There are 2 protein chains.
Amino acid sequence: MNKNYLAARQNFIAQWGAMGSAWGINKTMAQIHALLMISPAPLNTDEVMDELDISRGSANTNLRELVNWGLIRPVLQKGERKEYFESEKDVWKMFCCIARERKRRELDPIVAALEGCRQQTESLSDAHSREFTKTVGELLDFVGVVSGALEKIGRSEQSIVLPMMLKLMQ
Amino acid sequence: MNKNYLAARQNFIAQWGAMGSAWGINKTMAQIHALLMISPAPLNTDEVMDELDISRGSANTNLRELVNWGLIRPVLQKGERKEYFESEKDVWKMFCCIARERKRRELDPIVAALEGCRQQTESLSDAHSREFTKTVGELLDFVGVVSGALEKIGRSEQSIVLPMMLKLMQ
DNA sequence: CATATTTTTCAAGTAATTCTGAAAATTTTA
DNA sequence: TAAAATTTTCAGAATTACTTGAAAAATATG
C-alpha cells in the first residue's frame with residue numbers, strides 16, 4: 001500500500017479525532033467514525049481494534065454508540081459470523097443524524113429545565129424575579145428556535161439542507 | 001430575598017453549567033456566564049467567587065476566557081479599583097459571538113488539516129487513494145459550507161439572524 | 001517611590017472521563 | 001445441547017481536564 005496514502009489516512013483519522021474532542025465527542029468514537037468513513041469495505045470489531053490500536057471493550061462500546069447515533073450501521077457479510085460495520089457516506093445525511101441526536105439528547109433536556117426555572121418565578125412580582133423570568137424567557141425563546149431548526153434539519157432529506165445552508169450564506 | 005427566586009437562580013446556574021458541558025464548554029465557565037446573565041448589576045471577581053464557591057484562580061481564568069469569547073465585558077465602576085464584569089444580554093448577539101469564535105477556533109483548523117490530507121493524496125492514482133481523496137473532498141465541501149454559514153452569522157447583527165433561522169424552520 | 005490592592009500565573013492536587021482486559025453472557029454451529 | 005465463537009459488561013487503571021491556593025507580577029494610591 002502506498003506510503004503517502006497510509007500517512008494521509010493516519011493524519012485524517014487523527015485530525016477527525018481532535019475535531020471530535022473540540023465538539024464534545026469522545027476522541028476514540030470520532031476516530032472510529034473517521035476510519036469507517038474512509039474504509040472502502042465494512043470492518044469488524046477486530047479490524048477496528050487493530051487499525052486504531054484500541055481495546056476490545058473500547059471498540060465495542062464506541063461502535064455501539066455510533067450505531068445509536070445512526071452514523072454507522074451493522075451489515076452482515078455472507079459466510080461470516082462476526083458483525084461488520086459501515087459508515088453513512090453522505091455528509092449531509094450525517095449532518096442530519098447529528099442534528100437529530102443532539103437536539104434530542106442536549107436541547108430537549110435544557111428546554112425542560114429552563115421551563116422549570118421560569119415556572120419557579122413567573123408568579124413572583126418583585127423586581128428581581130421579574131427580571132429573572134424575562135431573561136430565562138428570552139433564552140427559552142432562543143433555544144426553542146434553535147431546537148426547531150435542528151428538528152427540521154433532523155427530519156430532512158440531505159437534499160433539502162444544502163440549499164437552505166447556501167441560502168443562509170446568501 | 002425570596003426563597004423561590006434564589007432556588008430558581010441556583011437551578012438555572014446549575015442547568016446552564018450542565019448544558020455547557022454537553023457542548024464542550026467548561027462547566028464553571030458556563031456557570032459564571034449564567035450568573036452574569038441573570039445578574040442585574042455587574043459583578044467583580046470576589047462576588048463571582050462567593051456566589052459560585054470557586055477559587056480565585058478559577059474565577060479569574062474563566063472570566064478572562066469569557067471576555068475573550070466576547071460573551072462578557074469588563075466595566076469600570078466609579079470609585080472602585082476592582083474590575084467588574086457584565087454579560088451581553090441579547091441572546092442573538094451571544095449566538096453571533098459563539099458562532100464567530102467556534103468557527104475561528106475549531107472549524108478553521110480542521111479545514112486546514114483536511115486540505116493537508118487531501119494534498120497528500122490528490123496526485124496519487126491508485127483506486128484507494130482516489131476514493132480517499134473523494135471522501136475528504138466531500139467533507140471539505142461540507143465543512144466549507146458550515147464555516148461560511150457561521151462566518152455570515154458571526155458577522156451579522158442579531159436582527160438578521162432570527163429571520164434567517166425562522167425561514168430555515170419554514 | 002514605598003505600600004497597599006488587585007490580578008495573574010502555575011505547580012500540585014482533585015475530579016471527571018475514558019480505556020483496558022478478562023470474565024460473564026449471548027449467539028452460533030454441528 | 002455441548003462446544004466454539006462472538007459480544008457485552010464493568011471494576012480498576014490510565015489519562016485528561018479542571019481547580020486550588022499561594023507566590024509573583026502588575027497596578028493604583030498617598
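FYI, side chains are in, hydrogens and waters are out, and symmetry mates aren't considered; it's all heavy atoms of this structure. Numbers restart at 1 for each chain; the letters A, B, ... are given by sequence-line order, proteins then strands. Since the structure is predicted, the reported quantities are computational estimates derived from the model, not experimental observations.
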Could you say whether B:E80 or A:G57 is positioned toward the 5' end of DNA chain C, judged by the nucleotide with the nearest heavy atom to each? B:E80

Could you state the CZ-C1' distance from A:F85 to D:dT6, rounded to the nearest angstrom? 11 Å

Check every strand shown and say whether B:N62 touches a base, only sugar-phosphate, or nothing at a heavy-atom separation below 4.0 Å. sugar-phosphate

Please determine whether a side-chain nitrogen of the Lys or Arg among A:K93 and B:E138 lies less than 4.0 Å from a carboxylate oxygen of the Asp or Glu. no

May I ask you to verify if any side-chain N or O of A:R64 is less than 4.0 angstrom from the OP1 or OP2 atom of D:dT8? yes

Name the closest nucleotide to the B:T61 side chain, picking from D:dT8, C:dT9, C:dT8. C:dT9

Tell me: CG of B:N68 to P of C:dT8, nearest whole Å? 11 Å

Side chain of A:R81 (C-beta onward), nearest among D:dT7, D:dG21, D:dA4: D:dA4

Are A:E131 and A:K134 close enough for a salt bridge, meaning some N to O gap below 4.0 Å? no

Please determine if B:R102 forms a cation-pi arrangement with A:W23, meaning its NZ or CZ atom is less than 6.0 Å from the six-membered ring centre and no more than 45° off the ring axis. yes

Would you mind telling me which residue lines up with the more 5' stretch of DNA chain D, A:T45 or A:S21, judged by nearest nucleotide? A:T45

What nucleotide, of C:dT20, C:dT6, D:dT6, holds the atom closest to the side chain of A:K82? D:dT6

Atom CD of A:E65 and atom P of C:dT18: how far apart are they, to the nearest Å? 10 Å

To the side chain of A:N26, which of D:dT20, C:dT18, D:dC18 is closest? C:dT18

What integer distance in Å separates A:K27:NZ from D:dT16:P? 6 Å

Quick one: is B:N60 getting a side-chain N or O under 4.0 Å of the C:dT7 phosphate, OP1 or OP2? no

Could you tell me how far apart A:N44 (CG) and D:dT7 (C1') are, to the nearest whole angstrom? 12 Å

Shared hydrophobic cluster, B:Y84 / B:L35 (ILVMFWY, side-chain heavy atoms < 4.5 Å): no

Measure the distance from CG on A:L66 to P on C:dT18 and round it to the nearest whole Å. 13 Å

Taking atom P of D:dT15 as reference, at what distance in whole Å does atom CD1 of A:I54 sit? 15 Å

Rounded to the Å, how far apart are A:M49 CE and C:dT18 P? 20 Å

Is there a side-chain contact between A:R56 and the phosphate of D:dT8, meaning an N or O under 4.0 Å from OP1 or OP2? no

If you compare all heavy atoms of B:V75 against all heavy atoms of B:F85, which two are closest, and at what distance to 0.1 Å? CG2-N, 4.3 Å

